[in-house]
Amino acid sequence: MARQVKRLYKNHCQVCNEVIPGLDGRTYSEGAHVKPLGRPHLGGDVLDNMLCLCPNHHTQLDIGGMVILDDMSVVDTLTKAQFATLRFTGAHRLDPRNAEYHRSLWAPLGNETII
Ligand SMILES: [Zn+2]
């Protein structure tokens, strides 16, 4: 599924549109699960739970440095500033319930005002 979302966006980050080129002509990105896989989260390995991200934004998502609002805008949880809107292509969508779940993981850290 990660391969599929990365192919869909040709390795362009859905947050910043960056693509990381390699010397061999290939590009690099990461498939990110918004609702984490595994217990206790049990997020799905499905396209509507996945984003194509650069390593920085993947990490920022995973450590709660950013959250995604229902309108698919992206908010920095430290500054509370909206700094991007997710780019989507074709029929790919993020299920807002997965973004809501991700926000709920980080709300106890004092980010209630942005969600
Ligand atoms: Zn990025």
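For ligands, and for the atoms within them, numbers begin at 1 and follow the listed sequence. Only this structure's heavy atoms are used, side chains among them; waters, hydrogens and symmetry mates stay out. Everything quoted here is computed from the prediction, not taken from an experiment.
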Full working for side-chain contact (heavy atoms from CB on, under 4.5 Å) between V15 and F83: CA-CA 9 Å; V15 174; F83 67 96; 3.7 Å; yes
K35 NZ to L94 CG distance, which is reported to the nearest 0.5 Å: 12.0 Å
Value rounded to 0.5 Å, distance of CG in L69 from CG in L86: 9.5 Å
C16 atom SG and C54 atom SG as seen from the Zn ion (ligand 1), angle to 10 degrees: 110°
Test item: side-chain donor near acceptor, H58 and D62, under 3.5 Å: yes
2.8 Å cut-off met by an N, O or S atom of H58 to the Zn ion (ligand 1): no
Proximal heteroatom of H57 relative to the Zn ion (ligand 1) (N/O/S): ND1
